[in-house]
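Every heavy atom of this structure was used, including side-chain atoms; hydrogens, water molecules and symmetry mates were not. As the structure lists them, so they are numbered: ligands from 1, and atoms in each ligand from 1. Since we're looking at a predicted model, the values are computed, not measured.
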Amino acid sequence: MEILVTGGAGYIGSHTCLELIAQGHQVIIADNLSNSHRLSVERIQSISQKEIVFYEVNLCYEKAIEDIFQAHAIDAVIHFAGFKAVGESVEKPLMYYQNNLESTLVLCKTMERHKVHRLVFSSSATVYGMNSKSPIAEHASLYATNPYGRTKLFIEKILRDWSKTIPESSVALLRYFNPVGAHSSGLIGEDPQGIPNNLMPYITQVAAGRREILSIFGNDYDTIDGTGVRDYIHVMDLALGHVKALEYTLNSKVCDAFNLGTGKGTSVLELVKAFELVTGQKVPYQISKRRSGDVATCFANPTKAKNKLSWEATRDVVQMCRDSWNWQRKHPMGYLSS
Ligand code: UFG
């Protein structure tokens, strides 16, 4: 199939493109490179030995998207593109609402015009807000605590409304837990701009000597060792989840949500220790105060994805640490190191 991947040059998008190609699909990437690198597209090509069609476009420009749909017989879309930094979204809510919502609306309108009815949307476990008790299943109540989270929640609702109007439509809303790791080649990986917000890239940057010390945000939570517990999932498992969701949309005529997580919780300290053990690198850390908005524990109930998508995460924390480090070690400054 010909699959349009919006945001395909980004972290999860690039790994998903590789998995799509490995399963025999043809990939068309549309990405404005606002938070990603052209080099990641070249790397996808060199790993897969396949030519990729790449459009450097802003999805909000309807004409540019229309041109892509005119040039290709697109069968389905995987929609990753969007701003994703929680803190920035609090400071610039309008920018987040405009970019994330408008791009999705333009995309859906264009899909409708071209009778493309299959969509996989990159959502997030952030839609469960702070109140749900882990393990969290898809029927848990939905609530967002910041503008970024609200864009995910709004888009989920928009897609549900939209899909009801098109009987042949099929939409999978994929709620990711905490993606980490990298392709085993170490040629593509996560390359956050500026100071990383997330734990794993912070750990790898400390290990690489790019940052001095990791701050652990609180050690007085009601968890195994007082530090926050999350459901870390290897990005290649996540990538396969998208391919499975795509296959699912072939045979379903609904809009449905799926958790993509392992179902296992790991604390911050456990992850730091595992990383040190696997890589032999020391990660100096200090305990600092809790980060506002954090919950003690958040992990998935992934049963629905297992039953309906025939998908299950198989890579463990050891592999996550090894592959994250392999990428960072080869690219201490991210893609700019190349
Ligand atoms: N943490 C630290 N130090 C850091 C960074 C994080 O101690 O420098 C801790 C956090 O307090 C938390 C854990 O590490 O306990 C994980 O934090 P992340 O920032 O890596 O991930 P979150 O679970 O906070 O958020 C992630 C994504 C969100 C998404 C959410 C869904 O960043 O976009 O998972 O569950 F919404």
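- Within the 4.0 Å heavy-atom shell around ligand 1 one finds Y232.
- Polar contact check, Y176 against ligand 1: no nitrogen or oxygen pair lies under 3.5 Å apart.
- Among the atoms of R230, some N or O lies under 3.5 angstrom from an N or O of ligand 1.
- Looking only at atom types and distance, the side chain of Q70 has no donor-acceptor partner in the side chain of H114 under 3.5 Å away.
- The part of S215 lying near ligand 1 is the backbone, judged by heavy-atom distances below 4.0 Å.
- Contact annotation for V268 and ligand 1: only side-chain heavy atoms (C-beta onward) come within less than 4.0 Å of the ligand.
- The nearest heavy-atom contact from the protein to atom 20 (O) of ligand 1 is L199 N, 2.8 Å.
- Of all protein heavy atoms, the one lying nearest to atom 33 (O) of ligand 1 is Y148 CE2, 3.6 Å.
- Contact annotation for atom 13 (C) of ligand 1: protein present (non-hydrogen atoms, distance under 4.0 Å).
- Every heavy atom of Y221 sits 4.0 Å or more from the atoms of ligand 1.
- R230 has its side chain within reach of D294: a pair of non-hydrogen atoms, C-beta onward, lies under 4.5 Å apart.
- S124 OG, 3.5 Å is the protein heavy atom nearest to atom 29 (C) of ligand 1.
- An N or O contact shorter than 3.5 Å is missing between A125 and ligand 1 by distance.
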**OP:** Step by step, work out the salt bridge (charged side-chain N to carboxylate O under 4.0 Å, His left out) result for K115 and E168.
**Re:** CA-CA 9 Å; K115 301 198 168 21; E168 56 274 56; over 6 Å; no
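- Side-chain contact check for L173 versus R160: some heavy-atom pair is nearer than 4.5 Å.
- Relative to the six-membered ring of F54, R38 misses at least one condition, a distance below 6.0 Å or an angle of at most 45° to the axis.
- Among all non-hydrogen protein atoms, the one lying nearest atom 10 (C) of ligand 1 is D294 OD2, 3.4 Å.
- Contacts between N197 and ligand 1 below 4.0 angstrom, taking non-hydrogen atoms only, involve the backbone exclusively.
- With a heavy-atom cut-off of 4.0 Å, T126 touches ligand 1 through backbone and side chain alike.
- Closest to atom 24 (O) of ligand 1, if we only count protein heavy atoms, is R291 NH2, 2.9 Å.
- Less than 6.0 angstrom separates the ring centroid of Y176 from the ring centroid of H242.
- The nearest heavy-atom contact from the protein to atom 4 (C) of ligand 1 is F217 CE1, 3.3 Å.
- Within the 4.5 Å cutoff, no side-chain heavy atoms of N259 are placed close to those of K304.
- The protein heavy-atom contact nearest to atom 25 (O) of ligand 1 is N178 ND2, 4.0 Å.
- The residue Y128 has no part lying near ligand 1, judged by heavy-atom distances below 4.0 Å.
- The local environment of CD in E2 is crowded, with over 12 non-hydrogen atoms from other residues, nucleotides or ligands closer than 6.0 Å.
- No side-chain heavy atom of L277 sits under 4.5 Å from any side-chain heavy atom of V318.
- Taking the six-membered ring for Trp and thresholds of 30 and 60 degrees, F83 and Y96 have ring planes inclined between 30 and 60 degrees apart.
- Between D67 and K63 there is a salt bridge, with a side-chain nitrogen of the basic residue lying less than 4.0 Å from a carboxylate oxygen of the acidic one.
- Interface atoms of ligand 1 facing I216, defined by a heavy-atom separation under 4.0 Å, are 7 (O).
- More than 12 heavy atoms of other residues, nucleotides or ligands lie within 6.0 Å of OH in Y97, so this atom counts as buried by the packing criterion.
- Any N or O atom pair closer than 3.5 Å counts here, and N198 shares at least one such pair with ligand 1.
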